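Quick notes on the structure that follows.
Note that the structure is predicted; figures quoted are calculated from it, not measured. Chain naming here is simple, since letters A, B, ... match the order of the sequence lines and numbering starts at 1 in each.
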Amino acid sequence: MQLRTSSFKSRVLGVVAEIPKGETRTYKQVAALAGSPNAYRAVGNIMSKNNNPKVPCHRVVKSDGTAGGYSGRGGRAGKVNILKKEGAI
DNA sequence: CCCCTGACACTTA
DNA sequence: ATAAGTGCCAGGG
C-alpha cells in the first residue's frame with residue numbers, strides 16, 4: 001500500500017466511503033469508480049482482507065441487489081439488517 | 001516473478 | 001428460477 005493514497009485498495013475504500021447512507025452500490029460499480037470496472041473480484045477480496053471501519057462495506061452488494069457476503073456483525077444477515085435500517089431496502 | 005485465494009459477474013444448460 | 005462453469009483482477013506469501 002502506498003503512502004499517497006494509491007493502489008486499488010485505497011481507491012476502493014475511498015469510493016465505498018463516499019457511498020451515501022440509504023444507498024447501495026454493486027461491487028462492479030465500486031470497481032468501476034475505483035478505476036477498474038473488471039476488478040469487482042479484487043474489490044471483494046480487499047474488503048474481506050481489509051475491513052476498514054471508515055468504509056461501509058455493508059452498502060456494497062452484488063449486481064443482483066443481493067447482499068452477497070459480509071465479515072462484520074451478523075454476516076450477510078446483519079448486513080441486510082443494516083441496509084434495512086438505513087432505508088436501502 | 002509464480003502460485004493461491006476470494007465478500008463477484010456473466011453465459012449457457 | 002436454479003445450477004454449473006468460465007473469466008476477471010488485485011493482494012499476499
Check: Under 4.0 angstrom, heavy atoms only, what part of the nucleic acid is A39(A) near: base, sugar-phosphate, or nothing?
Finding: sugar-phosphate
Checklist line | Near-strand residues of residues 15-32 of chain A, defined as heavy-atom separation under 4.0 angstrom from DNA chain B | finding: Y27(A), K28(A)
Item checked: Which atom of N51(A) lies closest to which atom of S71(A), heavy atoms considered -> ND2-O, 3.6 Å
Margin query: Test of understanding: with salt bridge (Lys or Arg N to Asp or Glu O under 4.0 Å), list the residues that count as partners of E18(A), not counting sequence neighbours.
Written below: none
Note to self: I'd like to know if the side chain of N52(A) reaches the main chain of K54(A), judged simply by a donor and an acceptor atom lying under 3.5 Å from each other, with no hydrogens or angles considered.
What the structure shows: yes
Check: Of all of residues 60-70 of chain A, which get a heavy atom below 4.0 angstrom from DNA chain B, listed by number?
Finding: K62(A), S63(A), G69(A), Y70(A)
Checklist line | Whole-Å gap separating C1' (dG6(B)) and CG (N50(A)) | finding: 14 Å
Next item on the list: Please tell me which of Y40(A) and F8(A) maps to the more 5' nucleotide of DNA chain C, matching each residue to the nucleotide holding its nearest heavy atom.
Entry: Y40(A)
Checklist line | Nearest-0.5 Å distance, NZ of residue K21(A) to CG of residue L83(A) | finding: 10.5 Å
Next item on the list: Would you list the pairs meeting salt bridge (Lys or Arg N to Asp or Glu O under 4.0 Å) in which at least one residue belongs to residues 79-89 of chain A, sequence neighbours left out?
Entry: R59(A)-E86(A)
Next item on the list: Would you check if the side chain of S48(A) reaches a backbone N or O of G44(A) as a donor-acceptor pair within less than 3.5 Å?
Entry: yes
Next item on the list: Grab the two heavy atoms, one from A67(A) and one from R76(A), that are nearest each other, plus how far apart they are.
Entry: CB-O, 4.3 Å
Checklist line | Whole angstrom value for the distance that separates C1' of dA7(B) from NE2 of H58(A) | finding: 14 Å
Notebook entry, point to check: To the nearest angstrom, how far is R11(A) atom CZ from dC9(C) atom C1'?
Noted result: 13 Å
Item checked: Rounded interatomic separation in angstrom, taking CG from N45(A) and P from dG6(B) -> 8 Å
Note to self: Can you list, in residue-number order, the parts of residues 77-89 of chain A that come under 4.0 Å of DNA chain B, counting heavy atoms only?
What the structure shows: none
Next item on the list: Among Ile, Leu, Val, Met, Phe, Trp and Tyr joined by side-chain contacts under 4.5 Å, find the other residues sharing a cluster with V43(A) and list them by chain and number.
Entry: F8(A), V12(A), L13(A), V15(A), V16(A), I19(A), Y27(A), V30(A), L33(A), Y40(A), I46(A), M47(A), V55(A), V60(A)
Note to self: Side-chain heavy atoms under 4.5 Å apart, restricted to Ile/Leu/Val/Met/Phe/Trp/Tyr: what other residues fall into the cluster of Y70(A), or is it alone?
What the structure shows: I82(A)
Margin query: Using a 3.5 Å distance criterion without hydrogens, assess whether the side chain of S7(A) forms a donor-acceptor pair with backbone atoms of S10(A).
Written below: no
Notebook entry, point to check: Taking NZ from K9(A) and C1' from dG6(B), how many angstroms apart are they, rounded to a whole number?
Noted result: 16 Å
